[in-house]
Structure formats: structure tokens, C-alpha cells
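Everything numeric in this text was worked out from a predicted model, so none of it was measured.
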Amino acid sequence: MSTLAELTPLQRQSVWRTLRSPRLLKTELLAGLVVSLALIPEVIAFSIIAGVDPRIGIFASFTMSVVIAFTGGRPAMISAAAGAVALVVAPLVRSHGVEYLFATVILAGVIQVLLAVAGVAKLMRFIPRQVMVGFVNALAILIFLSQMPELQAVPWAVYPLVALGLAVVYFLPKLTSAIPAPLVAIVLLTAITVLARITVPTVGDKGELPESLPFFLIPDVPLNLQTLKIIFPYALAVAFVGLLESLLTAKLVDDITDTPSDKTRESWGQGVANIVTGFFGGICGCAMIGQTMIGVKASGGRTRISTMFAGVFMLLLTVLFGDVVAQIPMAALVAVMIFVSLTTFNWHSIRPATLKAMPKSETAVMLVTVAFTVATNNLAIGVGLGVLTAMVLFANRVAHFVTVKRSVTGDTEGQVAIYTVDGELFFASSNDLYTQFNYAQDPGRIIIDMSGSHLWDASTIAALDSVTDKYESYGKQVQVHGLNEASRAMRERLRGKLRD
């Protein structure tokens, strides 16, 4: 029989293998428990941001986690009611109420399923590495900054408790990994505050916990075009923001665990989870990056079991043991989240040696991603602007790789001007093509050798047409040679059709 060390990563994360191994199953269940404890105050806070009852956020996190455990494409990733989408729907809740919110969640899920079918997950390959680095660093900064309100205007006892919690989550794994360090920190700090009767902010101070299970419902909204007109913009925004955050998180977990994931399945899995959540009276959700890091990096979760039980434990803890959960000091959760932020940040990316070796354009892409993500508190905006910056800088760099060399052959009466064009021609690099030719000084016959280039778009065809038209206006004969098959087919299809 193979030992654990001899198994491939995919075999090691197998659900069935985990179920047959008490040790692996314990790790998954404890990871789910730790995540559930960290989820509760976060979800309550996001519910308040969205303007809904905290119980709506908790119900959503339960249904999202359980459904995505079966439908998702990235094992061990945590999906729940998230801050990014809560910000999107907050105006809708204020103007039209929670029933329209539920309808929006369902429609957003449908849109996500359609986007998955359309292959939106394949666009992930266009996100450069430095955007991912910026995404991770911005995420770490946001996690850290989100804990700062918990350290302001609080009793002095909070600070030593946070320090003790940080010491536990940092040093305990060096001694033993039998129990997740974050769980030990939470239990230890809770016991200290309860037994010593230390008055500090607790989970119960964040909001009312549910006392019943969620139930199936149909959103009480008119089924007409007016309703669709109201909810569609919000649903579309939720769908895109939720998918982007989920797919980026999935890619991050891929890197941490050295295992692949099915991004298309994750896309429609998120959609199905949101549809179910909407019908059970929950707010919209997506991948929870901070909680995923707690489950994967800090607690060792690797399978769908930890994902599912994060939701199950959260609901059971709040419904059956709400009085106990309410006594957990926020200092314990702050310590865990600060530790996650510090371990998530890519410190190598900002070392002087790394910055010195890295092209300035690559560093600029990372900084733009970090700056706008932190400034807007929106990962989608930061990543979008990071990708846009990378595209512009890449286009500008590639545009300078095209060269045009001129030579003249033949005698005085039969001279031929030969222009050799080398490089990839597209909208950026072809803009200056028109200015590279000596129209008035060239002899009566011109040959443009394109064997070392490729025509990528209509802008290039239009530029080449302008060159040949200019020569013809001088009464000179011009020929284009050496086009590869794809470039020649595009030119034949578009030639003469791009002028007004």
C-alpha cells in the first residue's frame, strides 16, 4: 500500500481517502471549525454593510459553503457572504428592500452560470503574474486594515490578548500540528476572558445570532420587466465581481496547494450556490479570501469536507451554541486574521534585490494593482486596472519591436525600392507604419517584404492600405510580398473595405 508521502497531491486531497483516514478527516473537520468561527463576525459585519439583518448573512454563508462544496471546482476554498458583493447591493437594499435583494441574488447566479457556459473562466490566462502578486499583497493589506477598527477605542486588555493570540498561532505549529493553532488561540483566549471575567469586545457585540434554520422562499417581487430593470444592473455587477474574486482566489489556492482546479466548474458552481442562496433568503456571496487562507494555510484544509463543514459548523454554532459563540473575544479572531495577513503578503516581491532585478513596468503593474485595490477596497477594480496597465505597457513595449529597413537595387532606369518589415503588427505597432516610407523619393517600383511580420488586426490592414494608396497616388507600382497564409487571408478579406 502507498504511504501518504508517495501519493500525488490529487490523491492526497481525495475526499474518499480523507473519509477513510481518521487523521486526515480530523484535520478537515478542525479546519472547517476554525473557519466557521472566523466567518461569524466577518459575515455579520458584511451584513451590516449591505444593510440587512445579520441572520441573512449567516444563512447565506451556510448555503453557499454547503452548495459550493459539491458544485465548486476548487476544493478547500471557502465561499460565503462577502464584503465585495455586499458593497454592490447595499444601495439596492436601501432603495427597494431585501425581497429585491433575494431576486438579485438569484439572477446573479443565473448570469454566473451563463458566463461559465460562455467560457469566462478561460480569461484567467490573461491575468499577468504581477497582477496576481499585486492581488495577493493588496488582499493581505486589506485583511490587516480590516482589523484596525477592532484595536481602536477598546479596553487595554485587548492588546495583550491579541499579542498572546499571535504568539500561539505563530509558535504552536513549531511544536505540534495535531490541532490547528488558530483553534487553540480562540479557545485559549475565550477561556481566559471568561474565567478571569475580562471585559473586552466579543462576537456577540457584533449582532444578533440566528435561533432557527433557513427556509425555502420565493422572493416577493412583481415578475415583470420593471423588476428586471431594477435588479439587472446589480445582478450583473454581483456576477462579475463575485466570479473575479472567486477565480483569483482559486488560482491562489492552486499555487499554495500545488494542485489544479476546474475554473469553469467553479464559475457555474458559484452561480448555482447563489441561486440556492437567493431562494433561502440569503445575501449574495463569493469566495472569502481571508477565511480561505485560514482554512488552507493556517489549518491545513485540502478537500471539500472542510468547505462544507465550515458552513455546517457556523450554522450549528450560531443556532445551538449561540450563547457560547457570543463570548468569543474579538481579540482572538483579530490575532488570527493579522497572522493570515502577514503570511499571505508576498514579502519576496518587495525585497530590494527583487525590485532591482524586476523590469520597472512589471513593478508598476503590481503597484497599480495594490494601490487601487486598497484605495477602493474593491479587488475587482484593482485587478481590472492592473490588467489594463499591463496591457498598455505591453503594447507600448511591443510597438517598438517592429523595424522597417529600406534598400534600393537595380540600375538608374530600373531601380526597385525594397522595404523589409520585421515584427508583429497590431493596432499599437502599426500606427507609425505609414510614416516609414519615402513616397516622393522612391523609384517607380516598390516591394514591401512582409515575410518577417504578421498582421494581427484591422488597424494593420488599414495602415498597409494607406501605404499602397499613397504610392499609387504618385503613380508608382507597389507590391506586397511574403505575407503568411493567415495575414494574406485577412488582407484579402478586409482590403479596400476599411475606408469611409
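A heavy-atom distance below 4.5 Å is not found between the side chains of Tyr100 and Ser95. Between Pro75 and Thr307, every side-chain heavy-atom pair lies at or beyond the 4.5 Å cut-off. You'll find the side chain of Val35 stays beyond 4.5 Å of the side chain of Ser306, heavy atoms only. At least one side-chain heavy atom of Val203 sits under 4.5 Å from a side-chain heavy atom of Met330. Side-chain contact between Phe232 and Ile111 is present, with heavy atoms from C-beta onward closer than 4.5 Å. Looking at Leu388 and Val368, their side chains never come closer than 4.5 Å, going by heavy atoms from C-beta outward. Looking at heavy atoms from C-beta onward, Leu37 lies in side-chain contact with Leu183 at the 4.5 angstrom threshold. With a 4.5 Å cut-off on side-chain heavy atoms, Val238 and Val105 do not count as touching.
Every side chain to side chain contact (heavy atoms under 4.5 Å, CB included) that Lys122 has, sequence neighbours left out, goes to Arg125. With sequence neighbours left out, Phe345 forms a ring pair (Phe, Tyr, Trp, His ring centres under 6.0 Å) with Trp347. With sequence neighbours left out, the ring pair (Phe, Tyr, Trp, His ring centres under 6.0 Å) criterion links Phe135 to no other residue. Residues meeting the salt bridge (charged side-chain N to carboxylate O under 4.0 Å, His left out) test with Asp254, sequence neighbours left out: Arg74, Lys263. Annotation: salt bridge (charged side-chain N to carboxylate O under 4.0 Å, His left out) contacts of Lys206 (sequence neighbours excluded): Glu150. Taking the side chain to side chain contact (heavy atoms under 4.5 Å, CB included) definition, one finds that Leu172 meets it with Val168, Thr176, Ala181, Val184, sequence neighbours left out. Residues satisfying the side chain to side chain contact (heavy atoms under 4.5 Å, CB included) test with Glu424, not counting sequence neighbours, are His454, Trp456. Applying the side chain to side chain contact (heavy atoms under 4.5 Å, CB included) criterion to Pro233, with sequence neighbours excluded, gives no partner residue.
Here the side chain of Thr227 pairs a donor or acceptor atom with the backbone of Pro222 at under 3.5 angstrom. Formation of a donor-acceptor pair under 3.5 Å by the Asn346 side chain with backbone atoms of Asn137 is not found in this model. Checking side-chain atoms of Ser246 against main-chain N and O of Leu243 turns up no donor-acceptor pair under 3.5 Å. Judged by distance alone, with hydrogens and angles left aside, the side-chain atoms of Asp205 form a donor-acceptor pair with the main-chain N or O of Thr202 at under 3.5 Å. Under the 3.5 Å distance criterion, the side-chain polar atoms of Tyr159 are left unmatched by any main-chain donor or acceptor of Val154. Judged by distance alone, with hydrogens and angles left aside, the side-chain atoms of Asp457 form a donor-acceptor pair with the main-chain N or O of Thr460 at under 3.5 Å.
Leu315 CG to Phe309 CZ: the interatomic distance, rounded to the nearest 0.5 Å, is 13.0 Å. Atom CZ of Phe313 sits about 12.0 Å away from atom CG of Leu320, to the nearest 0.5 Å. Ile127 contributes atom CD1, which lies 9.5 Å from atom OG1 of Thr369 (distance to the nearest 0.5 angstrom). Here CG of Leu39 is found 11.5 Å from CE of Met64. Values are rounded to the nearest 0.5 Å. Atom CZ in Arg304 sits 13.0 Å away from atom OG in Ser65 (nearest 0.5 Å). Note that the CE atom of Met314 and the CG atom of Leu317 stand 9.5 Å from one another [nearest 0.5 Å].
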Can I get a per-line list of side-chain donor-acceptor pairs under 3.5 Å for residues 271-293, giving both atom names and the distance, sequence neighbours left out?
{"unit_1": "Asn274", "atom_1": "OD1", "unit_2": "Gly285", "atom_2": "N", "d": "3.0"}
{"unit_1": "Asn274", "atom_1": "ND2", "unit_2": "Gln112", "atom_2": "OE1", "d": "3.0"}
{"unit_1": "Asn274", "atom_1": "ND2", "unit_2": "Gln270", "atom_2": "O", "d": "3.3"}
{"unit_1": "Asn274", "atom_1": "ND2", "unit_2": "Gly285", "atom_2": "O", "d": "3.3"}
{"unit_1": "Thr277", "atom_1": "OG1", "unit_2": "Thr63", "atom_2": "OG1", "d": "2.8"}
{"unit_1": "Thr277", "atom_1": "OG1", "unit_2": "Ala273", "atom_2": "O", "d": "2.7"}
{"unit_1": "Gln291", "atom_1": "NE2", "unit_2": "Ala38", "atom_2": "O", "d": "3.4"}
{"unit_1": "Thr292", "atom_1": "OG1", "unit_2": "Ile78", "atom_2": "N", "d": "3.0"}
{"unit_1": "Thr292", "atom_1": "OG1", "unit_2": "Ile78", "atom_2": "O", "d": "3.4"}
{"unit_1": "Thr292", "atom_1": "OG1", "unit_2": "Met288", "atom_2": "O", "d": "2.6"}

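Nearest heavy atom pair, residue Thr193 against residue Thr190, reads OG1-O, 2.9 Å. For Thr376 against Phe372, the heavy-atom pair with the smallest separation is OG1-O, 2.6 Å.
Residue pairs that meet the salt bridge (charged side-chain N to carboxylate O under 4.0 Å, His left out) test with at least one member in residues 224-253, sequence neighbours left out, do not exist here. For residues 36-74, no residue pair satisfies the ring-ring contact (aromatic ring centres under 6.0 Å, His included) rule, not counting sequence neighbours. Sorted by first and then second residue, the salt bridge (charged side-chain N to carboxylate O under 4.0 Å, His left out) pairs involving residues 44-73 (not counting sequence neighbours) are Asp53-Arg55, Arg55-Glu208.
Side chains of Glu28 and Thr18: a donor-acceptor N/O pair is absent below 3.5 angstrom, by distance only.
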Practice item. Could you walk me through whether Phe240 and Leu115 pass side chain to side chain contact (heavy atoms under 4.5 Å, CB included), step by step? Key: CA-CA 9 Å; Phe240 274 105; Leu115 289 172; 4.2 Å; yes
Check your understanding: Passes side chain to side chain contact (heavy atoms under 4.5 Å, CB included), Thr373 versus Leu139? Steps please.
Key -> CA-CA 8 Å; Thr373 300; Leu139 156 68; over 6 Å; no
**Study point:** Chi angles and distances behind the side chain to side chain contact (heavy atoms under 4.5 Å, CB included) call for Leu19, Ile305
**Key:** CA-CA 9 Å; Leu19 291 174; Ile305 295 173; 3.7 Å; yes
Practice item. Might you work through the side chain to side chain contact (heavy atoms under 4.5 Å, CB included) test for Val136 and Thr344, ending with a clear yes or no? Key: CA-CA 7 Å; Val136 171; Thr344 299; 3.8 Å; yes
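For Asp255, the CG atom sits in a packed shell: over 12 heavy atoms of surrounding residues, nucleotides or ligands are nearer than 6.0 Å.
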